[in-house]
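Taking it in order: structure first as structure tokens, then the write-up.
Proteins come first, then strands; the chains are lettered A, B, ... in the order of their sequence lines, and each starts at number 1.
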Amino acid sequence: MSTLEIRGLEVSVNTDKGAIEILKGVDLVIRSGETHAIMGPNGSGKSTLAYSIAGHPKYTVTGGSVTLDGLDVLAMKVDERAKAGLFLAMQYPVEVPGVSVSNFLRTAVTALRGDAPKLRTWVGEVKAAMNALNMDPGFSERSVNEGFSGGEKKRHEIMQLELLKPKIAILDETDSGLDVDALRIVSEGVNRAKVANDLGVLLITHYTRILRYIKPDFVHVFANGHIVEEGGPELADKLEEKGYAEYVSS
Amino acid sequence: MSVLATNYLTPTGREEAWRFTPLNRLAGLHDGTSTSVNRKSLTLRGDVRPGVNTTRISRELVASVSESNDAIVTRVQAEAEDVFIVDIAADTHLPEPVSLYRATGGVDGAELSRVRISIGENSTASVIMENSGSAILGEDVEILVGPGAHLTFVTLQEWTNDSVHAARHHAILDRDSTFKSTTVTVGGSLVRLLPTVEFSGPGSFAELSGVYFATAGQHLEHRIHIDHGIAHAKSRVNYKGALSGEGAHTVWIGDVFIRSAAEGTDTYELNRNLLLSDGARADSVPNLEIETGEIIGAGHASTTGRFDDEQLFYLMSRGIPMDEARRLVVRGFFAEIISHIEDEQIQDRLMGRIDSELAKVGH
Ligand SMILES: Nc1ncnc2c1ncn2[C@@H]1O[C@H](COP(=O)(O)OP(=O)(O)OP(=O)(O)O)[C@@H](O)[C@H]1O
Ligand SMILES: [Mg+2]
């Protein structure tokens with residue numbers, strides 16, 4: 001049982017023209033097994049929240065705290081956060097030329113587990129994970145994300161989620177760019193990880209469609225750098241119908 | 001032993017071709033002050049194969065087939081006592097590379113070495129030249145690619161850090177031929193290579209690729225020169241370098257000339273440099289001169305930068321520590337070129353070398 005606790009988180013982004021304040025006090029608690037959806041207008045700071053938890057160097061935390069089971073996440077290096085059990089499926093996964101998917105995955109799992117997995121079982125695990133996400137086995141030998149289509153990149157993120165077995169996962173617009181079949185396949189992957197690892201999920205999305213597959217326990221409305229409303233799944237339907245006007249104008 | 005004489009080509013360091021080179025570190029190769037020792041170090045590895053003839057012939061019997069105004073190359077042409085010949089007959093298809101290496105060395109004198117590689121009509125072969133150990137070497141390699149032939153040419157500079165190596169690899173491509181070269185330079189105090197190409201027949205294709213990795217105090221220079229003097233030839237250049245440590249200096253010059261007769265030319269050259277630390281310097285100068293508008297394409301790109309933070313973040317967010325992430329990125333950076341070297345042992349050795357260079361500089 002794990003708990004990710006975000007308290008009063010304030011974050012600014014470093015730009016050429018100085019720091020710009022983006023997150024203005026975010027409070028959120030995610031426990032193992034729970035699924036939280038975050039919805040909010042473009043530019044409201046959702047990805048900033050995701051990146052800040054993962055430790056992207058572009059962002060500076062200016063206030064508040066993030067803890068995982070009481071441990072100070074903000075004091076950890078990026079790789080230490082992953083070792084502590086955090087995972088971020090990125091909105092725009094990064095291409096790493098010349099580094100094959102299989103080498104990348106083996107290096108990551110070795111770092112996370114502390115020693116190299118047995119080759120035969122690991123190859124089997126990877127094959128099964130690819131197969132489950134309808135990915136061609138040929139992806140193993142391709143460079144990480146290089147030349148992947150938008151949807152292929154997202155499948156690759158969820159494949160990592162299944163293989164690396166984090167405690168808490170943040171999914172930043174994993175549904176964007178997926179066709180209807182891929183949306184179902186990817187959602188099933190997330191649900192498998194939830195069952196297998198009692199995963200806690202923070203799911204950032206613009207659409208209610210994915211919420212039909214991955215049922216949220218809580219829905220949070222994010223606007224102007226913080227959470228402005230919270231509710232159950234019904235809140236998502238209301239947002240789909242009415243938009244964010246009432247939150248943005250205030 | 002003989003002492004070289006200076007002549008009008010002797011560089012002063014002000015010439016465009018020499019302005020990046022620290023002349024005082026050339027061990028006298030450029031101005032004739034080096035003492036030459038005829039080591040005959042170039043050696044064929046393994047057995048002689050059918051269709052391949054290797055011999056040494058005295059220099060009077062083998063005139064150079066190309067010109068050069070490089071002081072060291074002209075000296076090698078004038079002074080080397082013999083020429084190492086690799087002759088691949090016409091219609092020969094070699095399943096295994098012809099592998100050459102330097103069996104002896106030393107920095108007590110300079111070896112001047114002339115090499116002639118020729119591949120006959122419609123043949124397919126690879127030639128690998130491995131340079132390792134310690135040496136002062138001035139070298140001129142002429143490569144004649146016959147009509148319809150396909151030659152892969154790999155040179156490895158894995159010298160010790162007191163070595164000095166100045167060489168020209170000059171390829172002449174006859175019609176419908178393909179010449180693919182990969183140049184790897186990771187060792188040496190000063191290495192200055194001139195991979196140059198000219199075309200003697202249409203429809204041919206030259207692909208020059210290379211990687212170099214300079215650490216503290218190393219000067220690694222590659223001056224590509226492609227002379228499109230004939231219609232309908234194609235060339236591609238792709239060199240990648242990494243630098244780390246105080247005084248690490250690399251120079252990449254990409255001169256491509258498209259002469260008025262060279263209609264239908266298609267050329268593109270690319271150089272990327274990765275700066276892994278402060279105190280290192282990468283000079284990169286692509287240069288395209290075009291005398292005809294009737295071409296398919298001509299372009300170049302050159303970039304020099306540091307690690308991509310986004311790539312490192314992505315890898316680290318999966319639990320991979322910083323030093324490991326950097327190693328993956330650098331290996332990946334070079335893999336594009338090294339993975340195309342046919343010999344897996346050489347691939348592994350080079351990747352191992354890159355790892356140890358990285359380890360040395362604390363990544
Ligand atoms: N380098 C930067 N310079 C200026 N503004 C920046 C920079 N990086 C981020 N921002 C701003 O931070 C704000 C929050 O961006 P963020 O990516 O977190 O939004 P988001 O809620 O994820 O949006 P979307 O729904 O479009 O993905 C945006 O207004 C964005 O323009
Ligand atoms: Mg976003």
Under 3.5 Å, which donor-acceptor pairs link chain A and chain B? Put them in a table for me, please.
residue	atom	partner	partner atom	Å
His56(A)	NE2	Glu310(B)	OE1	3.0
His56(A)	NE2	Glu310(B)	OE2	3.0
Lys83(A)	NZ	Gly319(B)	O	3.2
Leu88(A)	O	Arg318(B)	NH1	2.5
Leu88(A)	O	Arg318(B)	NH2	3.0
Glu95(A)	O	Gln311(B)	NE2	3.4
Asn145(A)	ND2	Tyr314(B)	OH	3.2
Glu157(A)	OE1	Arg318(B)	NH2	2.7
Glu157(A)	OE2	Tyr314(B)	OH	2.4
Glu157(A)	OE2	Arg318(B)	NH2	3.4
Gln160(A)	OE1	Arg318(B)	NE	2.7
Gln160(A)	NE2	Tyr314(B)	OH	3.0

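Of the atoms belonging to Val144(A), it is side-chain heavy atoms, and not backbone ones, that fall under 4.5 Å from chain B. Neither the backbone nor the side chain of Pro166(A) comes within contact range of chain B; no heavy atoms are under 4.5 Å apart.
Put simply, the side chain of Val94(A) does not reach to within 4.5 Å of the side chain of Phe313(B), judged on heavy atoms.
Pairing each heavy atom of Gly319(B) with each of Ala111(A), the nearest pair is O-CB, 3.1 Å.
Of the listed residues (Val329(B), Leu315(B), Leu328(B)), the greatest number of heavy-atom pairs within a distance under 4.5 Å of chain A belongs to Leu328(B).
In this view, Glu152(A) satisfies the salt bridge (charged side-chain N to carboxylate O under 4.0 Å, His left out) rule with no residue, not counting sequence neighbours. Residues satisfying the side-chain hydrogen bond (donor to acceptor under 3.5 Å, both in side chains) criterion with Ser176(A), sequence neighbours excluded, are Glu173(A). Remark: Asn191(A) engages Lys194(A), Ile214(A) in a side-chain contact (heavy atoms from CB on, under 4.5 Å) (not counting sequence neighbours).
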